Amino acid sequence: MDVKVARIIEIERLQRALTAEKLRLIAEINTDDYIATDLGMALQLSPSNAEDLVDWATRVETFFPDVIDAMAAGIISERSAHAIVDPTRFY
C-alpha cells in the first residue's frame, strides 16, 4: 500500500475516534437547557445545528454506546453511525 494512502487511512481513523470523544463529551455536558446555546457559540454553529448536535450526541451516547465505541475504534464513521441510529429516532 502506498505510504500516502496508509496515512490517509490513519487520519480517517483518528478523525472517527475524535468525533466519538466529542460526542461523548457533548452528551456528558448536556445538563441544562443552555448547553446548545453555549456550544453553538463556541463551535460557531447556528442555534438549530447546535441543538441537533446536542440532541444527537446525547441520544447516541445514551441508547447506542456500542455505536460510539465502534466510532472510537475507527470502525465506523459518523455518517455510518447516523445510518444506524437515525432510523430509531421516533421509536
Side-chain angles (χ1 to χ4, degrees):
M1 178 182 307
D2 183 37
V3 173
K4 291 180 181 179
V5 172
R7 181 64 181 146
I8 291 169
I9 292 169
E10 179 63 16
I11 290 168
E12 180 64 24
R13 189 194 64 74
L14 291 170
Q15 284 178 326
R16 291 173 180 190
L18 289 172
T19 299
E21 182 179 359
K22 179 177 80 172
L23 292 174
R24 283 189 170 131
L25 288 170
I26 290 169
E28 186 178 316
I29 64 172
N30 186 13
T31 58
D32 61 49
D33 293 335
Y34 301 103
I35 190 59
T37 301
D38 295 341
L39 191 62
M41 290 181 0
L43 299 179
Q44 300 178 351
L45 300 173
S46 71
S48 62
N49 284 347
E51 187 68 39
D52 288 345
L53 177 60
V54 170
D55 289 345
W56 193 77
T58 302
R59 186 162 41 99
V60 73
E61 175 63 15
T62 303
F63 298 111
F64 299 92
D66 291 342
V67 171
I68 292 205
D69 290 343
M71 287 177 64
I75 297 168
I76 64 170
S77 66
E78 184 175 5
R79 186 175 183 151
S80 297
H82 274 282
I84 295 166
V85 174
D86 288 352
T88 67
R89 183 172 184 158
F90 298 106
Y91 288 99

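No experiment lies behind these values; they were computed from the predicted model shown. Numbers here simply count residues along the sequence, with the first being 1.
Legend: residues meeting side chain to side chain contact (heavy atoms under 4.5 Å, CB included) with Asp2, ordered by chain and number and at least two apart, are Lys4, Val5. Residues satisfying the side chain to side chain contact (heavy atoms under 4.5 Å, CB included) criterion with Asp32, sequence neighbours excluded, are Tyr34, Ile35.
Distance CD1/Ile8 to CZ/Arg13: 15.0 Å, rounded to 0.5 Å. The distance from atom CZ of Arg16 to atom CG of Leu14, rounded to the nearest 0.5 Å, is 11.0 Å. Atom CG of Leu39 is separated from atom CD1 of Ile26 by 5.0 Å, given to the nearest 0.5 angstrom. Note that CD of Glu21 and OG1 of Thr19 are 10.0 Å apart. Values are rounded to the nearest 0.5 Å.
Glu28 is not listed as a side-chain neighbour of Arg24, based on a closest heavy-atom distance of 4.5 Å or more. Side-chain atoms of Ile11 and Arg7, non-hydrogen and from C-beta on, do get closer than 4.5 Å to each other. Inter-residue side-chain proximity for Ile76 and Ile84 is flagged as met; some heavy-atom pair is nearer than 4.5 Å.
A salt bridge links Asp86 and Arg59; the closest N-O separation between the charged side-chain nitrogens and carboxylate oxygens is under 4.0 Å.
Under the 4.5 Å side-chain heavy-atom criterion for grouping Ile, Leu, Val, Met, Phe, Trp and Tyr, Met71 is connected to Phe63 within one hydrophobic cluster.
Looking at every heavy atom in both residues, Gly40 comes nearest to Ala50 through CA-CB, 3.6 Å.
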